[in-house]
2 protein chains.
Amino acid sequence: MTFQTVSTNKSYGGVQGVYRHASQATGTDMVFSVYVPLHPDGTKLPVVWYLSGLTCTHANVTEKGEFRKACAELGLIFVAPDTSPRGPDVPGDANNAYDFGLGAGFYVDATEAPFARNYRMWSYVTDELPKLVAENFPVDPKRQSIMGHSMGGHGALTVALRNPHRYRAASAFAPIVAPSQVPWGIKALTGYLGPNKDNWRNHDTVALIEDGAKYSGFLVDVGEADNFLKEQLKPELLQAACTKANIPLTLRRQPGYDHSYYFISTFMSDHLQWHAERLKG
Amino acid sequence: MTFQTVSTNKSYGGVQGVYRHASQATGTDMVFSVYVPLHPDGTKLPVVWYLSGLTCTHANVTEKGEFRKACAELGLIFVAPDTSPRGPDVPGDANNAYDFGLGAGFYVDATEAPFARNYRMWSYVTDELPKLVAENFPVDPKRQSIMGHSMGGHGALTVALRNPHRYRAASAFAPIVAPSQVPWGIKALTGYLGPNKDNWRNHDTVALIEDGAKYSGFLVDVGEADNFLKEQLKPELLQAACTKANIPLTLRRQPGYDHSYYFISTFMSDHLQWHAERLKG
């Protein structure tokens, strides 16, 4: 598998790169970013995957996430994929909505026409891109973890619950935890997976936990001034499910914080510290 | 003087705001950002002014500068103005160049038609905006300092040299130090101030020092992989002038770093620490 380098910039002693490749999973070119901290030649580093939210590309967290200082100090590689396939031939939503289609892949493999051909973000982020990254960057595949924001928090938690041995840590900023029960999720899962809600459970954090998925614990930050908290995020549903299933959940409700990268960047180093502790050795 | 709030977001415990006001200096609406860290009610804080480079607005450093963590820890207010007047009635450059006109005010009060009416960024950043900020934010006007990037580094150094008692510290990332001697500067100063080079010396760091301006010292970082280093920035001219004038200069040549915010963000906390030490008490 090959890729092109779009840009590289030295930052905090390491290299922030942006890369493009032809994805087999999505049938499109895909762009992703990788930060590699300064490290001794020949060593392999743990890698943190970051899944972004609605409307985002790799660029939002890469420019605004303020993760490089902590990654440099903790010796973590940081990978940020795009949130959907893109291109003139990729079907979007007929209404050009921000919450479905382009920029809103929801980290599923779509089964419904016309989306099934390209919208295969589950396979992309859990299979194709990890292989590409492992082949081309100094990554230790045995030390991976995953985090995300909003729709990407949904992605990170579902990916971790279904691959608990591959991802040693999982955390989220303002995640969608029960897409089957909230407007953003119902719209997306209906569109990509069809109306049968049984087919949604593998892509719903709360449903996965109800169905018996286990994990070593989650760190979740939500802002109490987040406009989406009550209608779309509903962290109380995750809290109830984790309590019932005995999954340790560190849920922090941050007073005054909203849904933006001003919130994410504030707590990014806490999350990376959490990941680093679980990626040691 | 009144202004409108465009947005506020909690970040690192403080508030990142963006504001708009009708500027008398430029005859246009102007947008600026202010970060105010968490602080005890009734206290006044030192303020760091950040002047941006070519093509930038307030937004570049606000989103990519990674200054909030250090400002929160050090108790510094951080203000970022725009780099030029903007609007449908503001003359730009006939060639729509990135280095003259909109986004490229060069922190001078233009004397040449058609720019003299709006391009009054010197008055804006040294007089009008400081008054507006002092009236509306918890700023201690006796504890101000200034920094900038590229064209904004030029702005910061010239403002400091001409107002050494008002700005207790001055630093720059990749500054244009001798605009009279480099293509960007010659183009801009000719366009805004006319062809008589005698009128440029007040807006040229090296010339100001040659003409006797004094300052307590500068911190300057430049990236050795900066594409503009040799033709436009020429830090060696600043070094020679400071040596001759006995102005302490901490000039750091950072191997591998370029002209981008990936460079700036890496060293932002060093600069804010430098400012904080000089703004104490």
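Bear in mind that the values here come from a model prediction, so they are computed numbers and not experimental data. First the proteins, then the strands, lettered A, B, ... as listed; each starts at 1.
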Part of B/Tyr257 within contact of chain A (heavy atom distance under 4.5 Å) |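 It is both, since atoms from each part get that close.
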Determine, stepwise, if the pair B/Tyr261 / A/Glu63 fulfils side chain to side chain contact (heavy atoms under 4.5 Å, CB included).
-> CA-CA 9 Å; B/Tyr261 272 92; A/Glu63 296 176 356; over 6 Å; no
Contact part of A/Ser265 toward chain B, heavy-atom cut-off under 4.5 Å: side chain, backbone, both or neither?
->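 For A/Ser265, backbone and side chain are both near chain B.
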Which region of A/Thr62, side chain (C-beta onward) or backbone (N, CA, C, O), has a non-hydrogen atom less than 4.5 Å from a non-hydrogen atom of chain B, or is it both or neither?
->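 Its backbone and side chain both get close to chain B.
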Quick one: pull up OH in B/Tyr262 and OG in A/Ser7 and give me the separation to the nearest 0.5 Å.
->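 Taking OH in B/Tyr262 and OG in A/Ser7, the distance rounds to 6.5 Å.
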When rounded to the nearest 0.5 Å, the distance separating OG1 of B/Thr266 from CZ of A/Arg68 is 7.5 Å
Do B/Glu66 and A/Tyr12 have side-chain N/O donor and acceptor atoms under 3.5 Å apart?
-> yes
Hey, which residues of residues 220-228 of chain A are touching chain B, say heavy atoms under 4.5 Å apart?
->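 Those residues of residues 220-228 of chain A which would need a heavy atom under 4.5 Å from chain B do not exist here.
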In this structure, are over 12 heavy atoms from other groups packed under 6.0 Å from B/Lys10 atom NZ?
-> yes
Which heavy atom in A/Thr8 sits nearest to a heavy atom in B/Asp258, and how many Å separate them?
-> O-OD2, 4.4 Å
